[in-house]
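For reference, the structure discussed in these notes is given below.
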Amino acid sequence: MNYNFNEIEAKWQKFWAENKTFKAENKSDKPKYYVLDMFPYPSGAGLHVGHPLGYIASDIYARYKRHQGFNVLHPQGYDSFGLPAEQYAIQTGQHPAITTAENIKTYRRQLDQIGFSFDWSREVRTSDPNYYKWTQWIFIQLFNSWYSIDSDKAEDISELIKIFNSEGNSKVNAVCDEGIESFSAEDWESFSSKKQQQILLQYRLTYLAETEVNWCPALGTVLANDEIVNGVSERGGHPVIRKKMTQWSMRISAYAERLLQGLDTIDWTDSLKESQRNWIGKSVGAAVTFKLEGHKEVVDVFTTRPDTIFGVSFMTLAPEHELVQKITTNEQKAEVDAYILATAKRSERDRMADVKTITGAFTGAYVEHPFTKEPIPVWIGDYVLAGYGTGAVMSVPCGDQRDYDFAKHFNIPIPNIFDGIDISEEAFADKEKTIIGNSDFLNGLNYKKATKRAIFELEKIGHGKEKINYRLRDAVFSRQRYWGEPFPVYYVNGMPQMINKAHLPITLPEVEKYLPTETGEPPLGNATVWAWCTETNSVVNNEKIDNKTVFPLELNTMPGWAGSSQYFNRYMDPNNDNEIFSKEAINYWQQVDLYIGGSEHATGHLLYSRFWQKFMFDKGYVNHDEYAKKLINQGMILGTSAFVFRVEGENKFLSKGLIDNINVQPIHADVSFVNSSDELDIESFKNWRPEFKDAEFITEEDGTFKVKRDVEKMSKSKFNVVNPDDIVADYGADSLRLYEMFLGPLEQYKPWNTAGITGVHSFLKKLWKLYVGENGLKVNDAEPSKDSLKTLHKTIKKVQEDIENFSFNTSVSTFMIAVNELTAQKCTSKHILEPLLILISSYAPHIAEELWNQLGHNESISTAPFPEFDASHLVESSKNYPISFNGKMRFTLELPLDMSKDDIEKAVMAHEKTQSQLQGRSPKKVIVVPGKIVNIVG
RNA sequence: GCUCAAGUGGCGGAAUUGGUAGACGCGCUGGAUUCAAAAUCCAGUUCUUUCGGGAGUGUGGGUUCGAUUCCCACCUUGAGUACCA
C-alpha cells in the first residue's frame with residue numbers, strides 16, 4: 001500500500017465538511033480559544049503559495065488547542081469590497097458582485113484543498129448586505145455619539161443635547177472641531193434646527209466636514225494617507241493632489257491617547273506597536289500665544305521646548321496659514337504673494353523630495369515676546385506644515401537645526417541661551433545636557449525644570465498652557481466609489497440624517513456605469529432605482545427614484561477598512577439578524593486570543609479596528625477595549641524570479657555567463673520555464689511571446705542556457721508566482737503545509753524554492769512506511785522499547801514548546817528525526833505510534849487522519865487529547881556523561897544506569913566540586929538537561 | 001535623518017538560561033540497486049592543513065573559566081516613517 005496523498009486528502013476533506021468536524025458552538029463546558037486570521041481580499045489572480053502561510057500557522061495552532069481540550073473558534077471570510085473589482089467592472093462592464101463571487105469560489109476551492117480546520121458555517125463577506133447592514137449600524141452609533149474628556153469615553157449625543165439645553169456649551173469638555181463658538185442655553189434654544197444640527201455635527205464621532213483630501217483624478221476618488229506611496233496612488237501609481245471636499249470623517253483623534261496606552265496591554269510585536277506609536281505621534285509641550293503688533297489677532301504656536309522661549313528670534317508660519325494675508329504689510333505683499341504662489345505650485349512630492357533648499361519670505365509683521373516684550377519678526381516658510389500643530393512655530397535657531405538653517409540663510413540673529421555651549425556651527429538640541437542661560441527666571445535650570453517653570457510663568461500671564469499634540473489625524477471616511485458600503489444617510493436641507501435601523505441594510509443600487517456621473521457625483525449618482533426617502537425616516541427600497549419628492553441619499557461609499565473593523569466580533573454570531581452579535585456570544589468568546597496576519601496593516605486596519613473596538617467598548621457592546629490579546633505578523637514568502645538577458649537593440653539572448661561588458665536588458669522569464677539548475681527551456685520561452693519566436697539564443701559552452709535568479713516579491717507581473725494548486729497536485733496538501741512551515745521562522749521574509757519540497761515529501765512517505773507495510777498496517781500492541789519511548793517523549797516536549805513559541809519550522813525537523821529514529825528502532829508499538837500521530841496531525845492533518853482511522857479509530861483525530869510528556873523517559877540510559885569544562889577540558893563521569901534526574905545532579909555536583917578544587921575554582925550551579933549533556937555553569 | 005528588525009556553510013535555516021557552532025532539509029560528491037533512468041537506500045559535505053592541528057557565527061573592542069548568545073562602537077541589508085516644531 002503506497003502513500004496516495006491525493007486520494008487520502010480528498011477523502012478527509014470531504015469527511016470534515018460532511019461531519020462539520022470543526023464547527024464551533026457558542027456554548028461549551030470546555031474553555032474557549034479564538035484563533036483569527038486576517039481575512040483575504042478575493043483577487044482575480046487567486047492564491048499563490050505565499051498567501052496561505054499565516055493560515056497554515058494559525059491552523060496548526062487551532063488544531064493544537066483542540067487537542068488540548070479547548071473549544072476553538074477558527075473562522076474565515078472575505079474582505080470583498082474593494083477597488084480592483086471596481087476597476088475591472090469599469091473596464092469590462094462586468095458587475096463587481098459577479099466577479100467577486102467568482103473569485104470567492106476560486107479562493108474557497110484553493111483554501112479547501114489545503115485542509116484548513118475553518119468553521120465555514122461562520123463565513124462572513126463584507127460585501128454581503130446581511131453583513132454590511134451592521135457596518136452601517138455601527139456608523140449610525142458613531143454618528144449618535146460624542147467624546148467626553150471628563151468621562152474619557154464616548155457618550156450618547158442625547159446627553160450632549162441635554163447639556164446644551166440646560167447650560168449651553170461653555171462647560172462641555174469634549175473632543176470636537178476647533179473654534180466652536182460658545183453659546184448659552186438660551187442661545188441654543190433660539191438657534192434654528194439647522195444651526196443646532198450644524199453645531200452637533202462638530203461634536204459627533206463621525207462628522208461631515210470640508211477637509212483637504214488626497215484626490216486622485218485618475219481613480220476619481222479620495223485616498224487615505226496609507227493608500228498613498230511616495231506621492232502617488234498605491235494602486236496604479238497615479239498622481240495625487242490636495243483638494244478641498246465635503247467628506248465624512250471619523251474622529252479617531254479622540255481616541256489617540258487610549259490607542260497609545262492600550263498598546264501596553266496587548267501582546268503584539270514591538271515593531272508593530274512602535275509603528276502605531278509613531279503614527280499616533282504624541283508630543284508633550286506647550287501652546288504659546290504671541291500678540292501681533294498692530295492687530296487684534298494672535299499667533300498660537302505649539303512647541304515641545306517652552307524652556308527655550310527666550311531663544312525665540314523669529315516666528316514662522318506655514319504659507320497656507322490663515323493669518324498670512326491679514327498681517328502682511330504692503331511693502332512685503334509682492335514678495336509674500338510670489339512665495340505663496342511658488343510653494344502652491346510645488347506638489348507634495350516635490351516638497352518632500354527637496355527638503356534641503358531653504359525658502360521663505362518676511363511678512364513685515366511683528367509679534368511681541370510674552371516676557372521680554374521685544375518685537376519678533378514673522379516669516380513664512382514651507383518647512384512649517386499647515387497640517388501639524390497650529391501651522392505656526394516659534395523659531396528658536398539656537399535649539400533647532402531647521403530654525404538655525406533658516407536664520408543663517410536669511411541673516412536672522414541667533415541668540416544663544418545655553419550655558420557653555422558653542423552654537424557657531426550648528427544648533428544644540430540635546431535636551432539631557434541642556435542648562436538654560438541668558439533667560440531671566442529660567443537661568444541655570446535644566447530642561448525638565450525650565451520647561452515646568454516656563455509653562456507655569458506662561459499660564460500666570462495668560463499666554464500659554466501645557467499641551468499634548470498628536471500627529472494622528474481624523475480619518476476621512478468617504479470614497480467616491482461604487483463597490484463599497486453605502487452610507488445609511490439621507491439629507492434634509494443639506495443636513496445629514498440617519499436612516500432608521502429598521503430600514504437597514506441600505507443595499508447597493510444597480511448602475512449602468514461605475515464611473516462618476518457627468519456632474520462629478522460619485523458612481524451611485526448613476527442609480528435610477530434605489531432606496532429613497534419620501535419623508536423623514538420613511539424609506540422605500542428598490543423603486544424608481546422620484547426626483548420631486550425625494551430626500552437625496554448620500555452618494556459616497558465607505559472605505560475599505562469599514563468592513564474589516566468589526567468582523568472579528570461578527571464571527572462570534574454571524575447569522576444574527578437582530579443584533580450585530582448576541583450578548584451570550586460576546587460574553588462567551590470575549591476577544592481574539594491569537595490573531596495572525598501581515599504587518600502591512602500596521603497603521604491601517606490594525607489601528608482603525610482598535611478604534612472601533614474602543615468605541616464599541618464605551619457603548620457597552622463588548623467587554624474588552626482591545627480585541628486581540630496576541631498578534632503575530634507572518635513574514636512574506638518571496639518569489640525567485642528568473643531573468644534572461646537580451647542584447648540591447650537586438651533580438652538576441654545571452655546566457656548568464658556570457659554577458660561580461662555587453663549592454664544587455666534583463667527580462668523576466670516565467671519561472672515555470674526554468675529547472676532547478678537555472679537552465680531555461682528555450683522552446684517554451686520562444687512560444688511564450690510572439691516577439692521571442694525568432695530570437696537567437698547564445699548558450700554556454702555545455703549547450704545550456706542559464707538564467708539569473710533574484711529574490712523579489714511574488715507577483716504576476718514578475719512571472720515568479722507559484723500556484724499552490726500545482727504543489728498540491730504534485731506533492732499533496734500535507735507536503736505543502738509542512739514545507740511552508742519548514743521554510744523558516746514564521747515572522748521572517750523568506751524565498752520560496754519548490755525544489756526543496758522533496759525533503760518534507762519524503763518524510764511523509766517514510767512516515768507512511770512506518771505504519772503501513774506491503775501487507776497493510778504494521779502497528780501492534782507490543783511493549784515499546786526504552787529508546788522508542790525516549791524518542792516519543794523528546795518529540796512531545798519539543799513539539800509542544802515549538803507550537804507555544806510559534807517556532808513551527810523546528811518541529812518539522814523534530815518530526816523527521818523522530819521518524820528516522822523510530823524506523824531505525826523498527827518500532828511497531830501503537831503506544832508510540834498513536835501519540836506520535838496526534839503530534840503530527842496539527843501539521844499534516846490528512847495523513848494523520850487516515851492512519852488514525854486505519855488504527856481503528858472512528859472519531860476524528862482532532863478530538864484526541866494531546867499526548868502527555870513524561871520526563872522520566874528522557875533520563876540517559878547510557879553510562880557516560882561527558883562534561884564540558886573550561887572550554888577545552890572534558891571529563892567523563894561514570895554513573896549507574898537509570899539514575900533519577902536529581903541523583904545525577906547530585907553526583908555531578910560532587911564530581912564537579914573535586915574537579916574544580918583541582919582547578920582552583922568553585923562551581924555555582926549545575927544544570928542537568930534530560931536527554932542532553934550535563935552542563936556546568938561557573 | 002529618525003525608529004525597528006536582521007547579518008551563521010553553496011542555499012533555507014538550527015543552537016533552550018552564556019556551555020561540544022552548523023541540527024534538519026535542499027544542493028553537491030561517492031557508493032549500492034537498475035539493461036538504463038526515475039525512485040529508494042548508504043556514506044561524506046564550514047574553511048584550512050605538513051593530518052598533529054589551526055581558524056571560524058558582518059567588523060573592531062569589552063565582560064567571562066567559557067560569547068552566535070551579554071555590553072560598547074562601527075559596517076551592511078531589509079522594513080516603516082519623514083521638514084512633527
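Just so we're on the same page: letters track the sequence lines, and every chain starts at 1.
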Counter-base of A79(B), judged by Watson-Crick or G-U geometry with both distances under 3.5 Å: U3(B)
Short side-chain N/O contact to A85(B) OP1/OP2 from Thr316(A), under 4.0 Å: no
P-based separation of G61(B) from C11(B) [nearest Å]: 26 Å
Integer angstrom distance from the C1' of U48(B) to that of G1(B): 44 Å
Contacts of type salt bridge (charged side-chain N to carboxylate O under 4.0 Å, His left out), residue Glu801(A), not counting sequence neighbours: Lys797(A)
Paired nucleotide for C84(B) [Watson-Crick or G-U wobble; both distances under 3.5 Å]: none
Residues in salt bridge (charged side-chain N to carboxylate O under 4.0 Å, His left out) contact with Asp802(A), at least two apart in sequence or another chain: Lys798(A)
Candidate nucleotides U3(B), U81(B), A39(B), ranked by approach to the side chain of Lys765(A) - the nearest: A39(B)
Check: Phe314(A) ring centre within less than 6.0 Å of Phe406(A) ring centre: yes
Tyr739(A) ring center within less than 6.0 Å of His761(A) ring center: no
G-U wobble or Watson-Crick pairing nucleotide for A32(B) (cut-off 3.5 Å, both distances): U40(B)
Identified pairing partner of U20(B), criterion: Watson-Crick or G-U wobble below 3.5 Å: none
Set of residues satisfying ring-ring contact (aromatic ring centres under 6.0 Å, His included) with respect to Phe763(A), sequence neighbours excluded: none
Counterpart residues, side-chain contact (heavy atoms from CB on, under 4.5 Å), relative to Glu425(A) (two or more places apart): none
Complementary nucleotide of C70(B), counting Watson-Crick and G-U pairs under 3.5 Å: G62(B)
Report all interatomic pairs (protein N or O, nucleotide N or O of nucleotides 23-30 of chain B) with separations under 3.5 Å.
none

Sequence-distant partners of Glu274(A), side-chain contact (heavy atoms from CB on, under 4.5 Å), two or more places apart: Arg277(A), Asn278(A)
The single option from Leu260(A), Leu263(A), Leu472(A) passing side-chain contact (heavy atoms from CB on, under 4.5 Å) against Gln276(A): Leu263(A)
Complementary nucleotide for A55(B) - Watson-Crick or wobble, under 3.5 Å: U46(B)
Gap in Å between the two P atoms, one belonging to G56(B) and one to A21(B), rounded: 12 Å
All salt bridge (charged side-chain N to carboxylate O under 4.0 Å, His left out) counterparts of Glu679(A), not counting sequence neighbours: none
Strand contacts (RNA chain B) in residues 388-398 of chain A, 4.0 angstrom heavy-atom criterion: Tyr388(A), Val393(A)
Arg402(A) vs C84(B): side-chain N/O to OP1/OP2 distance below 4.0 Å: yes
From C83(B), U40(B), G13(B), nucleotide with atom closest to Lys750(A) side chain: G13(B)
Contact nearer the 5' end of RNA chain B, comparing Gln748(A) with Lys769(A): Gln748(A)
Residues in side-chain contact (heavy atoms from CB on, under 4.5 Å) contact with Ala729(A), at least two apart in sequence or another chain: none
Sugar-phosphate, base or nothing in reach of Glu747(A), heavy atoms under 4.0 Å: nothing
